[in-house]
Amino acid sequence: MGAPSSTYRVQFTPSFTFADATAVADYLARLGVGALYGSPMLDAREGSTHGYDVVDPTRARPELGGDAGRVALQERLAELGLGLVVDIVPNHMVVPNPWWEDVLENGQASPYARYFDIDWSSGKVLLPVLGEDAEDEVHEHYLKANWRRGNTELNYRRFFDITELAAIRVEDPEVFEATHREVLSWGVQGLRIDHPDGLADPGGYFRRLREHFDGWLVVEKILGPDEALPQSWPVDGTTGYDALREICGVFIAPTDAFAGDFHSVEHSSRQQVADSILVAEVRRIARLVQGVPFEDACQAVAEVMVNFPVYRSYLPEGAAHWETAVKLSKSSAVRALDEQVRADPHGELATRIQQTSGMVVAKGTEDTAFYRYTNFVALNEVGGSPDRFGLPVEEFHRRAATRESGEPQAMTALSTHDTKRSEDVRARLAVLAEIPDEYLAFESAMSERHGLSEPTLNRLAWQSVVGAWPLTEDRLGQYLEKASREAKIKTSWVDRDAEFDAEVAAWPAKVLDEPEVATFAERIKAPGWSNSLGQKLVQLTAPGVPDIYQGTELWDFSLVDPDNRRAVDYAERRALLERIESGWLPEVDESGAAKLLVVHKALQVRKRGLRGYRALHAEGPAAEHVLAFERGDVITVATRLPVALAQKGWQDTVLPLPGSSRRGGGWTDVLTGRPAAQDLASLLDRYPVALLVRGDQ
């Protein structure tokens, strides 16, 4: 089975089941998507709203409709010509579960003892001791170990620092078979593999998976800006965070108004994570280092992981990344660590330090530094680089052409269940880079009246308000609670500051009724819409397989999970799509119908097939405000940097169209149904984007 033309991600929850997905399948088919892409569908903890806490990988989740519901969904999708792509979790399971309970009862004599990554040197499983403040509110869906009490007896590998998610040894053929048998029997079109960096041998895992599955295979591998997937992996590509960085970046103006020292913040954040919430993992690895004092080994292990330039290496692949981390580390035991890892790159020491480095990087960078370094949060995204301001158009073209030639079936994304904020929030925040002085004056004036006492959270809060406007006190309050605790500056999930927590909780009520906030949000609304339409059209027509996150075919101003798992109003979307199908050309307004038009038309064009990649260049005084490319008989045109463009207008800027005369001809804009003009003032007079096909529609 090949890749779908596109995917539409849905989040299965007890409130959105297999039956609910079946009921909206006809809408998705009319929208134009190629496959339904579902969050984990195997049995998870009761009430889970994300499904990554798998409790039983041998059956479809009963709470969602069980196997009967799953079969009915697949049958309906097949009737409509849609595929099914399923998210699977090979790295961990939630505990307790039946296998885990058997291990706790029978120890190493349990038939499941080999299923979990447990250090049996103590002869038993050591469980964390939770502090007196470890209540349900510690986190939305898990409890964390109380590292403040020095609890480093923990002897099983976890998913990051989540004590209730125990890692499984999928590298063992028996464990692989037990955990994959069910989902591989479903005959789905594609699989999305969660968190491969946590596996002992990702390459070996993918090779084994390929022996059993010949469909579309994408992996949640977070790449650095200049990093490539290991070429030995038999996969179709990543889940698209690399494309997200590029597509969003090309709509951001270069500026130094928000500059700062991100790398210092990142380094200190990673160090704190290695020294605290992941200290048990560090100490377990350090025990494998021979010939040096234990505490020195702990320091060396932590230092190397903190200094990794990317999430991890896969020795012998990625040796340059390993070398960089070693060179940046100054511990006296680093040389011994390096020698022992290189001597046996597939041994336990090398394996554990590599699979754990990704934990340090993810928790230190994504879940700490991104909440501390808040100068311009549109860049603080999974796989993003807050110190890289804007992506030049030529670099975008180069990277897109590389994707087309090397990984044309990789997924591309703008919003996911893991993004820190939705695509439309980022598109609106991108406007701030065009008006930095105006925004910073607004933030300063408002902070004098209602500033939060912690400066980095204060900056994050104001950007979040204008980026996600309008939003309720409850949504903003929940977001700021999470942001403040993830930052771990004045409060955290395990070490509260009641006074500061109260200050944060009271803040939304003070600011959301301020007229100046509404005025500034209105100021950036229209150019934000332009950016949203531009980046969406680019994603849907550029190389790769585009994914649409649930509901984002209209404006979606969601913040980080669980805010982005709110229910989607499909009735509203159906009604708007029916009007568009009848020929309605909506205005660019609050309804978001213009975005739905762009999504629908682009998906329909994509189903005809897109091929190749050729950069196109505008000519004239506003040429820098155009991003355009040709893919066979289709041309994409998007406006960028709309604030500056509005000040000077298109004037006589033109986009020469291949095979057309100066007056145009030969191309039709499927968004408006009109023949395409080469002068951009005419071509883009209705919408800030155009999608051209050769000849009539």
Side-chain angles (χ1 to χ4, degrees), residues 1-41 51 60-61 63-87 186-190 192 215-216 411 415 417 536 539-540 545-556 565-586 591-609 670-671 691 697:
M1 293 179 286
S5 60
S6 60
T7 61
Y8 188 100
R9 167 80 178 206
V10 298
Q11 293 294 111
F12 288 115
T13 73
S15 299
F16 188 85
T17 65
F18 298 152
D20 295 308
T22 302
V24 301
D26 64 317
Y27 161 75
L28 299 181
R30 287 168 48 205
L31 186 62
V33 302
L36 176 74
Y37 160 34
S39 61
M41 296 168 63
R61 187 176 173 187
E63 202 171 3
L64 301 179
D67 201 55
R70 189 270 304 171
V71 170
L73 171 59
Q74 281 191 262
E75 289 177 346
R76 180 57 174 153
L77 293 174
E79 290 174 2
L80 295 166
L82 300 181
L84 176 63
V85 177
V86 176
D87 195 343
W186 294 352
V188 300
Q189 182 175 11
R192 182 260 195 194
W216 187 51
M411 181 182 280
S415 297
H417 60 286
K536 198 64 189 177
Q539 183 221 358
L540 293 175
V545 177
D547 174 56
I548 301 167
Y549 184 72
Q550 61 175 29
T552 59
E553 62 268 37
L554 296 183
W555 306 137
D556 181 271
R565 295 200 294 268
R566 288 172 294 147
V568 176
D569 186 345
Y570 285 106
E572 175 189 21
R573 286 159 176 77
R574 282 182 187 274
L576 292 173
L577 181 58
E578 288 175 0
R579 296 182 63 189
I580 288 170
E581 289 173 323
S582 68
W584 176 49
L585 296 182
S591 73
K595 189 179 182 186
L596 183 63
L597 170 71
V598 168
V599 170
H600 175 57
K601 295 296 186 180
L603 291 178
Q604 296 292 340
V605 167
R606 189 169 192 99
K607 279 194 167 183
R608 306 177 195 175
V670 299
L671 299 182
L691 181 58
Q697 294 187 57

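Residues: numbered from 1 along the sequence shown. Computation of the quantities below employed the complete heavy-atom set of this structure, encompassing side-chain atoms and omitting hydrogens, waters and symmetry-equivalent molecules.
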With a 3.5 Å distance limit and no angle check, can you tell me whether Gln189 reaches the backbone of Gly215 through a side-chain donor-acceptor pair? no
Among residues at least two apart in sequence or on other chains, which ones pass side-chain contact (heavy atoms from CB on, under 4.5 Å) with Glu63? Pro14, Glu46, Arg61
Are side-chain heavy atoms of Val605 and Val670 found at a separation under 4.5 Å? yes
Any side-chain donor-acceptor pair under 3.5 Å between Thr7 and Asp547? yes
Determine, stepwise, if the pair Leu82 / Leu36 fulfils side-chain contact (heavy atoms from CB on, under 4.5 Å). CA-CA 7 Å; Leu82 300 181; Leu36 176 74; 5.7 Å; no
Out of curiosity, Arg579 CZ to Leu596 CG, how far, rounded to the nearest 0.5 Å? 11.0 Å
Qualifying residues under side-chain contact (heavy atoms from CB on, under 4.5 Å), relative to Arg573, sequence neighbours excluded: Tyr27, Glu553, Leu554, Val568, Asp569, Tyr570
On a heavy-atom basis, the closest approach of Tyr8 and Gly551 is OH-N, 2.9 Å
Is there a side-chain contact (heavy atoms from CB on, under 4.5 Å) between Val10 and Tyr37? Walk through the geometry before answering. CA-CA 6 Å; Val10 298; Tyr37 160 34; over 6 Å; no
Once you round to the nearest 0.5 Å, how far does OG of Ser415 lie from CD of Gln550? 10.5 Å
Grab the two heavy atoms, one from Val24 and one from Arg574, that are nearest each other, plus how far apart they are. CA-NH2, 3.6 Å
Ring centroids only, cut at 6.0 angstrom: are Phe18 and Phe12 within range, meaning strictly under it? yes
Please report the shortest heavy-atom distance between Pro40 and Gly51, naming the atom on each side. CB-O, 3.2 Å
Shortest non-hydrogen contact from Gly32 to Ser5? O-OG, 4.5 Å
Can you confirm whether Glu578 sits close enough to Trp584 that some side-chain heavy atom of one is under 4.5 Å from a side-chain heavy atom of the other? no
Can you name the nearest heavy-atom pair linking Leu31 to Gln604, along with the distance? O-NE2, 3.9 Å
Excluding sequence neighbours, so at least two apart, what forms side chain to side chain donor-acceptor pair (under 3.5 Å) with Glu79? Arg76
Under the side chain to side chain contact (heavy atoms under 4.5 Å, CB included) test against Leu28, which residue among Leu80, Leu77, Val33 passes? Val33
Taking only residues two or more places apart in sequence, or in another chain, which ones meet His417 in a side chain to side chain donor-acceptor pair (under 3.5 Å)? Arg9, Tyr52
Apply side-chain contact (heavy atoms from CB on, under 4.5 Å) to Asp20 and list each qualifying residue two or more places apart in sequence or on a separate chain. Phe16, Thr17
Of all heavy-atom pairs linking Trp216 and Pro4, the shortest is CE3-CD, 3.5 Å
For the atom pair OG (Ser39) and CZ (Arg192), what is the distance rounded to the nearest 0.5 Å? 10.0 Å
To the closest 0.5 Å, what do you measure between CZ (Arg566) and OG1 (Thr13)? 14.0 Å
With Leu540 via side-chain contact (heavy atoms from CB on, under 4.5 Å) - residues at least two apart: Lys536, Pro546, Ile548, Val599, Ala602, Leu603
Report yes or no: does Gln74 contribute a side-chain atom to a donor-acceptor pair with the main-chain N or O of Leu84 at less than 3.5 Å? no
